[in-house]
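Letters A, B, ... mirror the listed sequences (proteins, then strands); counts begin at 1. Side-chain atoms are counted along with the backbone in the values below, which use heavy atoms only and exclude waters and symmetry mates.
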Protein chains: 2
Amino acid sequence: MKELENTLLEKQINPTAMRLVVLDYLLKQTNAVSLTDMELGLEKTDRVTLYRSVKTFEEHGLVHRIDDGTGTTKFALCQPACTVDGHHDLHVHFYCTNCSETHCLPKTQIPEVKLPGGYERQETSLLVKGLCAECRK
Amino acid sequence: MKELENTLLEKQINPTAMRLVVLDYLLKQTNAVSLTDMELGLEKTDRVTLYRSVKTFEEHGLVHRIDDGTGTTKFALCQPACTVDGHHDLHVHFYCTNCSETHCLPKTQIPEVKLPGGYERQETSLLVKGLCAECRK
DNA sequence: AATAATTTGCACTACGATTGCAGGGCATAC
DNA sequence: GTATGCCCTGCAATCGTAGTGCAAATTATT
Ligand SMILES: [Mn+2]
Ligand SMILES: [Mn+2]
Ligand SMILES: [Zn+2]
Ligand SMILES: [Zn+2]
């Protein structure tokens with residue numbers, strides 16, 4: 001698992017046992033996951049440690065947090081462009097109202113929004129709710 | 001205060017004393033407000049009653065809820081276009097990272113987003129975080 | 001006024017997010 | 001090899017918001 005270790009090192013994250021496990025888990029997901037998802041998906045993990053692990057990941061540009069309107073924060077791995085300097089990938093997120101899954105749509109970028117005079121943008125997030133491809137079949 | 005009463009009646013909301021007070025409060029706000037804001041801004045109110053009042057308002061197209069990423073839901077009055085059939089105003093919301101205020105930007109509509117094949121949209125929300133006009137001065 | 005329907009207030013529950021702190025692991029210095 | 005310090009982990013506990021159940025109060029209907 002040198003691969004995993006290098007991923008962390010590249011983002012200047014100390015590759016501890018716990019963090020390697022968390023990264024491994026995240027790499028296997030196709031949807032954004034909550035802390036509870038991780039807790040259930042991993043053996044013998046403490047919720048708070050998970051919480052702090054993903055927080056560290058987030059601060060180093062390895063994962064991004066997603067607010068899908070459910071009240072439970074979800075997390076997903078970032079595109080390579082993201083660094084410790086910030087998250088530089090402005091893609092749309094999708095929440096399926098049927099299966100309750102949250103997806104990143106990395107190929108769907110958030111369009112430019114022209115703000116009224118005086119406002120200064122720092123971050124933008126766009127969430128679409130609806131039916132995912134699976135649930136529409 | 002026939003005015004207030006009519007506003008409620010137009011949306012087919014029973015104009016109780018409590019609801020008139022809540023509507024009056026909302027009309028005076030320039031920002032979106034949380035339940036706690038209302039609770040503090042009004043005398044002698046029960047949080048749960050407020051909760052249910054705005055819920056009713058929301059269901060009848062009088063207010064809309066705003067998720068500004070803080071974890072605390074905010075509420076604001078709708079544009080006239082909204083009815084009991086649904087909220088028909090897709091404007092951008094803005095959260096100021098300095099003063100922590102949340103604004104509706106009714107003149108800034110959410111642009112079209114083309115979803116990948118198979119996805120079906122039901123709702124769209126767009127949140128911009130940054131500095132508001134006041135805080136940038 | 002009596003009755004029925006709706007609304008309100010209080011108590012209590014649920015749950016995710018977050019903190020404090022003590023103990024464990026690890027690297028480095030001596 | 002042992003001591004020192006720093007980072008990481010796990011547990012307990014707290015916080016804050018959302019939400020429910022039910023009885024009492026209010027409002028509408030007859
Ligand atoms: Mn994403
Ligand atoms: Mn709004
Ligand atoms: Zn789905
Ligand atoms: Zn501001």
Checklist entry - Is Lys11(A) reaching over with its side chain to a backbone N or O of Cys82(A), donor-acceptor style, under 3.5 angstrom? => result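 Between the backbone of Cys82(A) and the side chain of Lys11(A) there is a qualifying donor-acceptor contact (under 3.5 Å).
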
Checklist entry - What nucleic acid atoms does Arg52(B) come within less than 4.0 Å of, heavy atoms only: base, sugar-phosphate, or nothing? => result base

Next on the checklist: Does Thr73(B) reach a base, just sugar-phosphate, or nothing at all? Heavy atoms under 4.0 Å.
Outcome noted: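 It contacts sugar-phosphate atoms only.
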
Checklist entry - With a 4.0 Å cut-off, would you call Glu58(B) and Lys55(B) a salt bridge? => result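 Salt bridge flag = no for Lys55(B) with Glu58(B).
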
Considering only [options], which nucleotide approaches the side chain of [X] most closely?
X        : options                  : answer
Thr36(A) : dA17(C), dG16(C), dT7(C) : dG16(C)
Tyr51(B) : dA18(D), dC11(D), dT7(C) : dA18(D)
Ala17(B) : dT27(D), dT18(C), dG9(C) : dT27(D)
Asp46(A) : dT17(D), dC11(D), dG9(C) : dC11(D)

Within the structure, does a side-chain N or O atom of [X] lie under 4.0 Å from either OP1 or OP2 of [N]?
X        : N      : answer
Asn14(A) : dC8(D) : yes
Thr49(B) : dG9(C) : yes
Arg47(B) : dG9(C) : no
Thr16(B) : dT8(C) : yes

Next on the checklist: Between Thr45(A) and Phe75(B), which residue's closest nucleotide on DNA chain D lies nearer the 5′ terminus?
Outcome noted: Thr45(A)

Next on the checklist: Pick the closest DNA chain C nucleotide for Lys74(A) and for Met18(B) by heavy atoms, then say which residue is nearer the 5' end.
Outcome noted: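 Whichever sits nearer the 5' end wins; that is Met18(B).
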
Item to check | Taking every non-hydrogen atom, the tightest pair across Phe57(B) and Leu23(B) | outcome: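 Phe57(B) and Leu23(B) have their closest heavy atoms at CE2-N, 4.1 Å.
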
Checklist entry - Can you name the nearest heavy-atom pair linking Leu50(B) to Met18(B), along with the distance? => result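 So the minimum-distance heavy-atom pair works out to CD2-CE, 4.3 Å.
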
Next on the checklist: From CG of Leu50(A) over to P of dT18(C), roughly how many Å is that when rounded to an integer?
Outcome noted: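 That distance rounds to 14 Å.
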
Item to check | Whole-Å distance separating the CG atom of Asp68(B) from the C1' atom of dT17(D) | outcome: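 The answer, rounded to whole Å, is 13 Å.
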
